[in-house]
Amino acid sequence: MLQLQVIRDHKEQIITALKKRNIDALPLLENILDLDENRRSLQAKLDNTLAESNKLSKEIGMLFKSGKAQEANVLKEKTGVLKEESKTLNEALSSKAEELQALLYQIPNIPHESVPAGSSEEDNEEIFKEGEVPALVENALPHWELAKKYDIIDFELGVKIAGAGFPVYKGKGARLQRALISYFLDKNTEAGYTEMQVPHLVNEASGYGTGQLPDKEGQMYHVGADDLYLIPTAEVPVTNIFRDEILNEKDFPIRYTAYTPCFRREAGSYGAHVRGLNRLHQFDKVEIVRVEHPEKSYQALDGMVEHIKNILRELKLPYRILRLCGGDLGFTSALTFDFEVFSTAQDRWLEISSVSNFETYQANRLKLRYKDENGKSQLAHTLNGSSLALPRVLAAILENYQTEDGIEIPEVLRPYTGFDSIS
RNA sequence: GGAGAAAUGGCAGAGUGGUCGAAUGCGGCAGUCUUGAAAACUGUUGAGGGUCACACCUCCGGGGGUUCGAAUCCCUCUUUCUCCGCCA
C-alpha cells in the first residue's frame, strides 16, 4: 500500500510510473485525495468537539469537588449537545476512512525505474542466461511420463485422495523431494539466512499484511469454520513475523528462510502447460525473506539473485533470469526477477523462482518500521524470493538428467538422497 | 470441552471513576566524570493523527455499553496462565 503522504506529494510521478503497468491511476488518485481532504476536515471538526467536551468534563469535575453541584449540572446540559455532535462526526469519519482504505488497497506498487513497460510476459526482459542445455537422449520423455515409468510420482492417486493438482510422491521420488528441501535450506543457512518453521495457516490480518488480501482472495484456500487461510507461500507467515514491529537500525539485515507447503486454488487453464508438476494446488517451496534498510534493499535484491544463481549452477540446470515488465509485475512488487530453468523434454522454460523487492509497500500495510538515526520511525523494505519452488526443479531434473537407463541424481544432491540414480 | 485467574509503555510492575499517556524499577539514548571504559550522577525516552510550528485529538488485548468524565464499572470476543477432561 502506498503511503498517503507519498500520494499527496508525488501524484504526477505515481501516475507516470503506473502507466508501465498499463494503469491510468488519475481518477483513482484524485478520488483518494478528495476523500483524504474530506476525512481530514471531518477529523479536525471532531477533534475540536472532543476538545471542548474534554474541557467541560474537567470543569464539571472541579465544580463537583468544590461542592458546586448546581453549576456543574448546568454544564452537563451543554455536554449532551457536544456528545451528539461528536457521535455524528465520528460515524461520518469512520465511513470516509473505510472508503479511503478500500481505495488505497486498489493501488499497486510503483514499479522501479528499471522495470520495462509492457503488457504481458512477452515483454519481460531477459537479462542473464547460463548453463548448457543437455543433448536430448533418444525418446526423451516429459517428467510426467518419467514419473510413471519409474513409479516416483502418482498423480492419479492424488486425485483419489484429494483431487487434481495434489500429487503423491513415492519412494525415491519422495526422497528426492526431501533431499532438495534439505539442500536448499542448507544453502540458505550457509548464506546467512535463519531457518524458521512457521504456521501453514494464517489469519486475515496476515493476508492483508503481505497483500494477498483483499486483491487475491480467491487464490487462497479459506477455512471458513476458523476463518483462516492456507498459505500460498511462506512469504505470508514469515513476513508477518514483523507486522506491527519497530526495529532498530542495527537489527538489519534480517534474513530468514523457511520450507513450507504452498496451497493455491488457481482455477487455471488446462493442457500441456499445467500437466504433471507444472502447476499444482499443493507444492513445496523453500523461501527466503529479507527485511532491509531502504538504502540497502536493492543491494540485498542483487544478493538474493546471486545466491539463487549459485544454487542453479550447482544443480547444473540451464536457466535464465527475466526482469518482469510492468504488465507482468506482481501487484505488491516494485521490481521482480524471475528465474526460469529450461526443461529439455518439454522444450520450454519453467519458472522456478521469483525474487522481488516490495520496498515499503508491504511494510506500510504491516506497519513494519525502524528507528532511524534521528529516532524517527521509518518504513522498512521487505523482499522475498523462492529458493526454490520444488516441483518445477524436480521436473527439470527428471527431464534434463534422464539417460537411457534412468535418471541421474545431480552431484550435489547425492549426499542428501543416498542414491546416485533412479531406475 | 468444563472451572477459575489474568491481559497496562522495550521488559518488569503500580494504578479500581476526574488534574493519568499513565508511578516506580530495569533497559535505551544524551550529558557530567574518566586517557578510554565501567560505576555513579543529571537529563531524556511509547505509537498514530493533526499543524509551518504550536495547540489539539486518539490509543492501557479487540469490539460495544454506562457516565458530564473510564486504564479503572458493565457486556462480549480473543489470547495467556492454573486445575480437570480429551488427545498426536
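Quick note on labels: first sequence line is chain A, next is B, and so on, each numbered from 1.
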So does A:Arg8 get a side-chain nitrogen or oxygen closer than 4.0 Å to the phosphate oxygens (OP1/OP2) of B:G50?
-> yes
Nearest-angstrom distance, C1' atom, B:C68 to B:U32 =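 50 Å, rounded to whole Å.
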For B:G25 versus B:G46, give the span between their P atoms, rounded off to a whole number of Å.
-> 16 Å
Suppose we define a pair by two distances each less than 3.5 Å, Watson-Crick or G-U wobble; what does [N] pair with here?
| N | value |
| --- | --- |
| B:G4 | B:C81 |
| B:G43 | B:C29 |
| B:A12 | B:U24 |

Assign each of A:Asn48 and A:Lys58 the nucleotide of RNA chain B bearing its closest heavy atom; nearer the 5' end lies the nucleotide of A:Lys58
Using heavy atoms to find the nearest nucleotide of RNA chain B for A:Ser57 and A:Asn54 separately, return the residue whose nucleotide is more 5′.
->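 Final value for this comparison: A:Ser57.
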A:Arg369 side chain: which of B:A47, B:G18, B:U67 is closest?
-> B:A47
With a 4.0 Å cut-off, would you call A:Glu340 and A:Arg392 a salt bridge?
->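 No salt bridge links A:Glu340 with A:Arg392.
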Determine, step by step, whether A:Tyr105 and A:Arg365 satisfy the side chain to side chain donor-acceptor pair (under 3.5 Å) criterion, reporting the C-alpha distance in whole Å, the side-chain angles of both residues, the deciding distance to 0.1 Å, and the verdict.
-> CA-CA 9 Å; A:Tyr105 278 137; A:Arg365 289 189 172 196; 5.5 Å; no
Any chance you could lay out the side chain to side chain donor-acceptor pair (under 3.5 Å) test for A:Tyr298 and A:His381, step after step, and finish with the verdict?
-> CA-CA 10 Å; A:Tyr298 279 96; A:His381 281 195; over 6 Å; no
